[in-house]
Number of protein chains: 2
Amino acid sequence: MATDDLMTRALEALGDDGPLSAEAIHRLAGPAGLADLPATMTIADVAGLLDISPHTLRYYERAGLVEVARDGNGHRVYDAGAVRRLVFLTRMRLSGMPMRDLRHYVSLVDAGGHTVPERLDVLVEHRDTIRRRIRELTLSLTAVEYKIATYGGSTGPDVPAGGPLTGTGRTAPPDEPLRRTLATPTTMTR
Amino acid sequence: MATDDLMTRALEALGDDGPLSAEAIHRLAGPAGLADLPATMTIADVAGLLDISPHTLRYYERAGLVEVARDGNGHRVYDAGAVRRLVFLTRMRLSGMPMRDLRHYVSLVDAGGHTVPERLDVLVEHRDTIRRRIRELTLSLTAVEYKIATYGGSTGPDVPAGGPLTGTGRTAPPDEPLRRTLATPTTMTR
DNA sequence: GTTTGCGTTCGAGCGCGCTCGAAGGCATAG
DNA sequence: CTATGCCTTCGAGCGCGCTCGAACGCAAAC
């Protein structure tokens, strides 16, 4: 996934250390979350905070998404503003917004307050994209759940009559009966 | 979208012709959906059915995901089995399963009925991946919705004191107050 | 006949978002 | 003093999933 690398890693991280790690970024949500930030942070600090690599942080900077000051040694110094922006950017990336759009958004921010309406447009569009994606995933989820269910515990009603190994693979699991289930895609909470 | 190209196109398609087109694949869900398929289809037929390009269909075949017969002219002839498999594959791709996993799954199917347990493992894992992704997106959605809300109608409580255009961009919208909202991420239906 | 249209194979190319590695600077530890 | 470690810049490379184009075949339309 192009747009997906970050997400992919986040999802994989989930497997690593419990069901909370991919939500790392969301933990820094409240005023508290951003208030208890140190005044400045090193690249390693920020990388740890956002659960992305220093390489990626430098990449974002090169891409023009943030400006980061340097200390006497030429090392990056992330102030609260830069960190806040990176929190936002990472959230957007995680929810699938492409770099291109992020660059656009950032250019609007840097252009001044008069771009607020256009910024809102961007956000609203992204919100709708997320909603569509959730709906899409919910439908797929229902289909996959159905398929799992009809597989039985082991060998189910699939692998039916026409013997196994039959070339093109009618050995394949059922793709058919989904009508009622899909007609009621409210199953998400299951 | 590495993993994302298909999804991206699906999402873009949504914009094109109403809120239903990305769900094209889900329309062919029920037994009816698959029953009313012609006995055989051309590549253009299948491409239209699945809303993917003939190029992509050939690519899937080259990748070893389906076998497709040829007619006297060397043209592809998709039988019902191939189409069913492609419906499944497309669904999985749309929900983010990487080609790699799809190849693995298909190899299991082609290996015979004794691989059903392992196939189930794959499906269950993918189900969990989808669920995590939905949760992740739901959190992001809440954050974006909050941000939109606090932007006010135009210039909101953001773009506050410290004048606009101030370099690093405290001009940026609020990333702070999300605590209560995020603590109750049940807001998905809003 | 030629043209149009739809198909074929094959290998190369692309866009995305990282990801890496080389070559070096500076500072603290031993 | 020499490590060790963390940082720097820069450009190149990678993995993914398409996507494209060239060169060609066959068949129905005109």
Side-chain angles (χ1 to χ4, degrees), chain A residues 1-13 40-48 50-78 86 89-104 106 129, chain B residues 1-13 40-48 50-78 86 89-104 106 129:
Chain A
M1 148 167 177
T3 276
D4 248 337
D5 281 19
L6 237 194
M7 314 188 223
T8 301
R9 290 193 300 104
L11 289 171
E12 281 166 357
T40 69
M41 301 177 79
T42 69
I43 195 170
D45 294 337
V46 179
L50 301 180
D51 196 34
I52 63 183
S53 77
H55 273 305
T56 300
L57 282 170
R58 294 187 199 105
Y59 165 70
Y60 287 173
E61 187 180 345
R62 268 197 283 180
L65 298 185
V66 255
E67 281 177 27
V68 183
R70 303 300 139 108
D71 68 8
N73 296 323
H75 289 195
R76 284 171 177 80
V77 178
Y78 291 85
L86 283 165
L89 293 171
T90 305
R91 242 187 227 144
M92 293 301 107
R93 288 288 308 116
L94 269 173
S95 55
M97 181 178 282
M99 291 293 288
R100 176 177 17 98
D101 294 2
L102 246 15
R103 274 191 294 266
H104 178 218
V106 157
T129 299
Chain B
M1 116 182 110
T3 275
D4 249 337
D5 280 20
L6 237 194
M7 314 189 222
T8 301
R9 290 193 298 104
L11 289 171
E12 281 166 358
T40 68
M41 301 177 80
T42 68
I43 194 169
D45 295 337
V46 179
L50 301 180
D51 196 33
I52 63 184
S53 77
H55 274 304
T56 300
L57 282 170
R58 294 187 199 107
Y59 165 70
Y60 287 172
E61 186 180 347
R62 267 197 284 180
L65 298 184
V66 255
E67 281 177 27
V68 183
R70 304 298 139 109
D71 67 11
N73 296 323
H75 289 195
R76 284 171 177 79
V77 178
Y78 291 85
L86 283 165
L89 293 171
T90 305
R91 242 187 227 145
M92 294 300 108
R93 288 289 308 118
L94 268 174
S95 55
M97 181 178 282
M99 291 293 288
R100 176 179 16 98
D101 295 1
L102 246 15
R103 275 191 294 265
H104 178 218
V106 157
T129 299

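Below, chains carry the letters A, B, ... as their sequence lines are ordered, and counting in each starts from 1.
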Inset, instruction - Applying side chain to side chain contact (heavy atoms under 4.5 Å, CB included), run through Leu65(B) and Met99(B) and close with a yes or a no. - result: CA-CA 9 Å; Leu65(B) 298 184; Met99(B) 291 293 288; 3.7 Å; yes

Inset, instruction - Measure from the side chain of Arg100(A), starting at C-beta and using heavy atoms only, and say which of dT9(D), dC7(D), dC16(C) lies closest. - result: dC16(C)

Inset, instruction - State which of dT8(D), dT19(C), dC18(D) makes the closest approach to the side chain of Tyr59(B). - result: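 The answer is dC18(D), which lies nearest to the side chain.
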
Are OP1 or OP2 of [N] and a side-chain N or O of [X] less than 4.0 angstrom apart?
X        : N       : value
Arg62(B) : dT19(D) : no
Tyr60(A) : dC18(C) : yes
Thr42(B) : dG7(C)  : yes
Arg76(B) : dT8(C)  : yes

Measuring only between side-chain heavy atoms, which start at C-beta, is [X] closer than 4.5 Å to [Y]?
X        : Y         : result
Leu89(B) : Val106(B) : yes
Arg76(B) : Arg58(B)  : yes
Arg93(B) : Ile52(B)  : no
Met41(B) : Val77(B)  : no
Tyr60(A) : Leu102(A) : no

Check whether [X] reaches the backbone of [Y] with its side chain - one donor and one acceptor, N or O, closer than 3.5 Å.
X        : Y        : result
Asn73(A) : His75(A) : no
Thr90(B) : Leu86(B) : yes
Ser95(B) : Arg91(B) : yes

Measure from [atom1] on [X] to [atom2] on [N] and round the result to the nearest Å.
X        : N       : atom1 : atom2 : result
Ile43(A) : dG5(D)  : CD1   : C1'   : 15 Å
His55(B) : dC6(C)  : NE2   : P     : 14 Å
Glu61(A) : dC18(C) : CD    : P     : 15 Å
Leu89(A) : dC18(C) : CG    : C1'   : 15 Å
Asp51(A) : dC18(C) : CG    : P     : 13 Å
Leu57(A) : dT9(D)  : CG    : P     : 13 Å
Met99(B) : dG17(D) : CE    : C1'   : 7 Å
Asp71(B) : dC6(C)  : CG    : P     : 16 Å

Legend entry - Structure string for DNA chain D in dot-bracket form, Watson-Crick and G-U at under 3.5 Å, | interchain: ||||||||||||||||||||||||||||||

Inset, instruction - Using a 4.0 Å heavy-atom cut-off across all strands, classify Ala63(B) as base, sugar-phosphate, or nothing. - result: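 Result for Ala63(B) = nothing.
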
Inset, instruction - Could you tell me whether Arg58(B) contacts a base, only the sugar-phosphate backbone, or nothing, with contacts defined as non-hydrogen atoms closer than 4.0 Å? - result: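 Base contact - Arg58(B) has a heavy atom under 4.0 Å of at least one base atom.
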
Legend entry - Qualifying residue for side-chain contact (heavy atoms from CB on, under 4.5 Å) with Tyr78(B), from Asp45(B), Thr42(B), Val68(B): Val68(B)

Inset, instruction - Going 5' to 3' through nucleotides 25-30 of chain D, assign each nucleotide B (protein heavy atom under 4.0 Å from a base atom), S (under 4.0 Å only from sugar-phosphate atoms) or - (no protein heavy atom that close). - result: BSS---

